[in-house]
Amino acid sequence: MYRFPGDIGFQAGLRVWIVFILLFWLLRFRAELAILLGAVAGLAVGYIVTYWNAQKLPDTPSKPVETPDNPLFRQVTSRLTQQFRRSPVKKPSFMKRKPPKRLGK
């Protein structure tokens, strides 16, 4: 994994955006096009600077999740498991099958 620095890439991207807007304006591009092309250049430079300054974190295996030795935790979990094991899913009353009526008796 990598850790990215604060806002170094964002600041560089804004600076490049402004520089590109001014350059395109001096080259007589339309204002909308200069802003759009400057934004594209600023985003590209921002991402490049951000990844360039990223620091690699050491690869350590994650520790397995262990259940706490808290007696309250054990008590609550045991009650929950017992409750869900005992309680079957009950059908609503309209879904219960009624025996057919016999006409002969």
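No experiment lies behind these values; they were computed from the predicted model shown.
Side-chain contact between Thr50 and Ile8 is absent, with no heavy atoms from C-beta onward closer than 4.5 Å.
To the nearest 0.5 Å, atom CZ of residue Phe24 and atom CG of residue Leu33 are 7.5 Å apart. Between the CG atom in Leu27 and the CG atom in Leu22 there is a gap of 11.0 Å [rounded to 0.5 Å]. The distance from atom CG of Leu14 to atom CG of Leu43, rounded to the nearest 0.5 Å, is 9.5 Å.
Judged by distance alone, with hydrogens and angles left aside, the side-chain atoms of Trp25 form no donor-acceptor pair with the main-chain N or O of Ile35 at under 3.5 Å.
Hydrophobic clustering (side-chain heavy atoms under 4.5 Å, transitive across Ile, Leu, Val, Met, Phe, Trp, Tyr) groups Phe10 together with Trp17. Taken together through direct or relayed side-chain contacts under 4.5 Å among Ile, Leu, Val, Met, Phe, Trp and Tyr, Leu37 and Ile21 form parts of separate hydrophobic clusters.
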